[in-house]
Number of protein chains: 4
Amino acid sequence: MKISDEDRAVILFSCPDRRGIVTEVSHFVSTYNGNIIHSSQHKDEDEGIFFMRIEWSLTDFAIPKEKIRSAFEPIAIKYGMNWELKFGNERARVVIFVSKFDHCLYELLIRNKEGELPCDVVQIISNHEDAREIADYFKIPFACFPMTADTKAETEAREFALMDEKGVDLIILARYMQVLSPEFVDRYRNKIINIHHSFLPAFIGAKPYHQAYKRGVKLIGATSHYVTTDLDEGPIIEQDVERISHRDTIQDLILKGKNLEKEVLARAVKNHLEHKVLTYSNKTVVFDY
Amino acid sequence: MKISDEDRAVILFSCPDRRGIVTEVSHFVSTYNGNIIHSSQHKDEDEGIFFMRIEWSLTDFAIPKEKIRSAFEPIAIKYGMNWELKFGNERARVVIFVSKFDHCLYELLIRNKEGELPCDVVQIISNHEDAREIADYFKIPFACFPMTADTKAETEAREFALMDEKGVDLIILARYMQVLSPEFVDRYRNKIINIHHSFLPAFIGAKPYHQAYKRGVKLIGATSHYVTTDLDEGPIIEQDVERISHRDTIQDLILKGKNLEKEVLARAVKNHLEHKVLTYSNKTVVFDY
Amino acid sequence: MKISDEDRAVILFSCPDRRGIVTEVSHFVSTYNGNIIHSSQHKDEDEGIFFMRIEWSLTDFAIPKEKIRSAFEPIAIKYGMNWELKFGNERARVVIFVSKFDHCLYELLIRNKEGELPCDVVQIISNHEDAREIADYFKIPFACFPMTADTKAETEAREFALMDEKGVDLIILARYMQVLSPEFVDRYRNKIINIHHSFLPAFIGAKPYHQAYKRGVKLIGATSHYVTTDLDEGPIIEQDVERISHRDTIQDLILKGKNLEKEVLARAVKNHLEHKVLTYSNKTVVFDY
Amino acid sequence: MKISDEDRAVILFSCPDRRGIVTEVSHFVSTYNGNIIHSSQHKDEDEGIFFMRIEWSLTDFAIPKEKIRSAFEPIAIKYGMNWELKFGNERARVVIFVSKFDHCLYELLIRNKEGELPCDVVQIISNHEDAREIADYFKIPFACFPMTADTKAETEAREFALMDEKGVDLIILARYMQVLSPEFVDRYRNKIINIHHSFLPAFIGAKPYHQAYKRGVKLIGATSHYVTTDLDEGPIIEQDVERISHRDTIQDLILKGKNLEKEVLARAVKNHLEHKVLTYSNKTVVFDY
């Protein structure tokens with residue numbers, strides 16, 4: 001949801017499909033004098049699941065903000081909803097993980113600074129020192145946790161402690177070259193967004209540009225997805241591709257890919273922050289408004 | 001709306017924006033036991049206009065098809081709607097106009113034959129004989145009306161007579177190289193779809209590929225729009241582009257452009273036939289479902 | 001190479017990289033008064049292979065057409081070239097294989113008819129009768145060879161006999177849903193172009209749109225490649241993608257995919273027919289002129 | 001030309017088309033034992049102009065760098081070439097002009113820092129103070145020259161003095177919202193690259209996103225071009241587009257456009273810095289290697 005002078009609320013939910021859901025949810029908003037800004041629905045016919053996002057202005061809304069949750073709850077219970085309620089003036093608290101490649105980090109921080117990504121980046125964490133000067137420039141706390149196979153569990157524990165202290169709504173892996181432990185992933189289910197530098201499911205795993213070069217593809221891709229315990233197998237939020245040719249060396253692929261990665265990751269993060277993304281069956285629904 | 005075993009209805013409307021429209025329209029469908037398949041809304045905040053498309057299953061719907069119009073009318077009047085009601089098993093009656101270039105004609109007829117464009121092509125009209133064999137192959141009536149400046153009015157009158165006889169919901173100008181008279185355009189307001197071989201508003205008028213070549217652009221485009229009395233100025237339904245380079249001659253542009261034109265025109269026609277397009281202020285709202 | 005009033009020749013070759021190749025080949029053309037229309041080179045630095053395509057006008061060329069091969073041969077031997085010599089007025093003899101989906105077949109035949117694909121389609125072969133009426137309309141011989149596991153070898157033998165009789169430079173699998181035997185593939189090495197309805201190497205094998213739907217990708221693709229004995233593993237000539245969303249059902253993917261497949265296949269075939277494609281290491285070099 | 005350990009030279013030229021040019025230029029390189037890395041040609045058949053770019057390794061090249069110019073000059077004179085000779089280890093000296101929007105400035109500086117744009121940014125000039133902190137972070141001299149209609153001539157004179165002092169090969173207008181005087185443009189012919197936030201020639205002049213919104217286009221564009229005295233009419237180097245819909249407000253267009261502008265400008269600058277761009281007849285030849 002966009003930052004606006006006017007305060008807004010969003011309800012995002014999925015539930016078993018039944019008749020009357022749209023009507024009842026719309027009625028909840030309009031009967032208390034809320035003005036619907038956007039309303040979007042989707043139905044997976046095969047699985048019988050219904051998805052909805054409704055965004056409305058709180059100006060003149062009869063229910064005070066702090067009571068909206070309890071007012072809507074009976075509807076949520078009636079339909080068996082998996083739901084969340086968000087307000088336009090709440091900014092997500094975000095931690096960015098990065099290793100040495102810093103192009104995605106820069107992109108996120110600049111778009112954040114320019115108002116395109118409505119969130120507060122509360123911490124940057126890296127397994128290297130390289131990004132510290134960038135964090136300093138953008139005035140964001142930076143922590144370096146070098147990572148070795150032996151110390152992974154305890155290092156992650158220190159990361160958890162730091163994140164608990166800060167309060168974290170979203171973790172972005174902006175070319176973070178470490179595999180997270182299953183404990184890490186479970187702790188932040190649907191709250192970790194990664195960028196993988198290939199058009200998944202092609203070229204899973206290490207060195208996807210080398211794989212792409214070897215296979216002789218004519219397009220390279222990038223994929224942003226939620227992290228699950230299966231490497232590069234989580235629900236895809238956004239993908240895009242860029243044309244290449246036989247003239248492009250692996251170095252060229254890496255270069256072209258960088259600009260693709262940062263764009264794809266930024267779009268995925270934006271959709272998440274605007275509460276437009278729902279997950280189910282290892283897939284996503286991404287509403288366009 | 002897609003062809004389906006199950007019968008469906010669509011209401012498509014625009015009206016001045018007011019609170020409660022979504023709720024009231026949704027309620028109309030669900031209270032009579034209709035199952036909403038798709039529901040899409042849009043609001044132009046500057047102009048204060050609200051747009052909505054709602055598609056529902058008629059299975060179990062309590063109001064018989066022939067009475068839906070009168071049942072919904074009070075809501076339409078209350079909100080001052082400009083509206084239409086369509087049924088899934090009604091197929092639009094379409095006339096295609098073509099001159100000598102036949103790639104768009106072929107594309108439309110093949111996609112129609114293969115079920116992608118749900119309509120009945122009831123007539124092909126041309127100012128040349130060239131397309132007759134294509135019409136024969138697809139078993140569609142063909143009429144040739146040669147066009148000269150002197151006889152334009154009377155020739156168009158004959159075209160009107162033929163179209164009146166056939167009954168026409170949509171006219172497609174599939175690279176028809178004659179300018180329609182204002183009378184023609186007025187007669188079929190928002191019912192004539194043209195394909196212009198440029199990225200409008202660049203390169204209005206004759207020989208857009210020659211203009212594009214001369215200007216040295218790096219992309220060529222195609223634009224499908226409703227025809228108004230201002231040449232190439234009507235509401236745009238769909239556009240797309242294709243990359244070119246200094247190596248491309250005018251002949252290359254024409255060739256690349258052909259494949260672009262047929263794709264863009266077919267997409268625009270599909271959206272129109274599925275009742276997803278609304279016009280206002282010389283623009284379109286094109287719902288994606 | 002384009003069809004032109006003026007006659008042209010093309011030499012296309014690869015060889016181990018050495019200094020002086022461009023100079024010597026250019027000199028061969030210009031010393032005999034040939035006017036170079038296009039000249040394109042590429043070098044794979046890792047593998048040390050050099051690739052070149054040179055196209056020149058035969059107007060005023062001092063060597064008669066029938067002697068060009070023997071005149072160039074010493075240079076080819078000196079550099080160890082894998083080479084071919086082609087003339088602009090030679091049209092490749094093409095056989096198209098098709099099963100039931102006919103959109104790629106239509107596309108190829110229409111582009112051929114309109115001069116975009118410079119070849120003679122001498123035969124259409126299918127394992128079903130469905131495409132016969134299309135062949136008739138385009139006045140191309142049609143043969144139906146129903147295929148069963150038991151009779152595959154003998155049926156292919158009959159196909160070989162028919163193709164030998166016709167003389168075949170290129171085989172196009174335009175959504176032909178049978179796996180060719182290794183004998184078939186070996187017989188027409190680098191002469192069989194297939195269209196696979198996914199962005200290879202993702203979704204190899206059967207039902208790629210179903211696989212794509214299940215994985216929840218945000219783009220679908222199509223890949224045109226030379227056929228090798230490893231299914232869907234041959235050198236890629238062309239690929240492209242189309243955006244989809246969670247709203248698209250498998251049927252929608254199939255529909256969007258059809259338009260992608262026909263475009264990608266047509267582009268690959270065009271490049272092949274214009275003698276712009278070289279293969280090596282299971283990859284292609286596709287010169288853009 | 002890419003930065004490389006190995007030293008390289010590039011000759012880029014245009015001249016009236018005659019037979020034998022490729023051969024003679026290739027021969028010049030190979031006879032002195034230069035190893036050709038890339039060689040690219042183009043011919044405008046209508047205008048009878050020939051274009052060529054040849055890049056070779058100086059390792060083992062028999063002519064010392066400082067004598068290559070005079071060694072090649074007789075060939076240049078013979079063919080009437082408009083030519084330039086560049087070396088891989090020479091880095092262009094670049095000045096960036098910017099006003100308040102800083103997304104293009106950031107993009108250029110980050111890509112420069114990461115090695116993608118091989119140049120030295122020697123100065124940033126603005127008519128506002130806003131970008132000073134960015135310049136400081138990247139350790140580039142910053143000068144603010146506020147601009148008023150009355151003082152334009154004298155302010156530009158101060159800019160010329162500063163640029164003369166620094167030595168300037170290329171000026172980039174990275175969303176610089178001032179029109180340059182004809183004197184400024186003449187002084188740096190084919191050395192000023194601008195980014196215009198529309199798909200030129202559509203929406204020339206002020207507020208192109210507002211124009212695009214009003215016209216209801218379905219794609220927005222960005223165009224990078226050399227600056228001439230006709231506003232937004234100079235030779236186009238690169239263009240690209242992004243899909244929009246009726247849902248996008250003017251603010252959305254501005255936001256989507258920013259990411260397009262920075263990408264298109266960076267690509268144009270890269271091609272220029274790699275000596276791949278030639279201009280003629282208000283168009284460009286952009287070699288892809």
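Residue numbers begin at 1 in each chain, while the letters A, B, ... track the order of the sequences. Values below: every heavy atom of this structure, side chains too, minus hydrogens, waters and symmetry copies.
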Report the C-alpha separation of C/K218 and A/T284 in whole Å, then their side-chain angles, then the decisive distance to 0.1 Å, and conclude whether the side-chain hydrogen bond (donor to acceptor under 3.5 Å, both in side chains) test is met.
-> CA-CA 9 Å; C/K218 299 301 184 188; A/T284 60; 2.9 Å; yes
Which heavy atom in [X] sits nearest to a heavy atom in [Y], and how many Å separate them?
X      : Y      : result
C/R243 : A/R267 : NH2-NH1, 3.7 Å
C/D46  : A/Y213 : OD2-OH, 3.8 Å
A/G216 : C/K283 : CA-CD, 3.6 Å

Proximal component of [X], with respect to chain C [non-hydrogen, under 4.5 Å]:
X      : value
A/I204 : neither
A/F51  : neither
A/Q211 : neither

Are [X] and [Y] close enough that some pair of their side-chain heavy atoms sits under 4.5 Å apart?
X      : Y      : answer
A/L200 : C/V217 : no
C/N282 : A/R215 : yes
A/V285 : C/S245 : no

For C/K214, is it the side chain, the backbone, both or neither that has a heavy atom under 4.5 Å from a heavy atom of chain A?
-> backbone
For chain C, find which of A/D44, A/D288, A/D240 contributes the most heavy-atom pairs closer than 4.5 angstrom.
-> A/D240
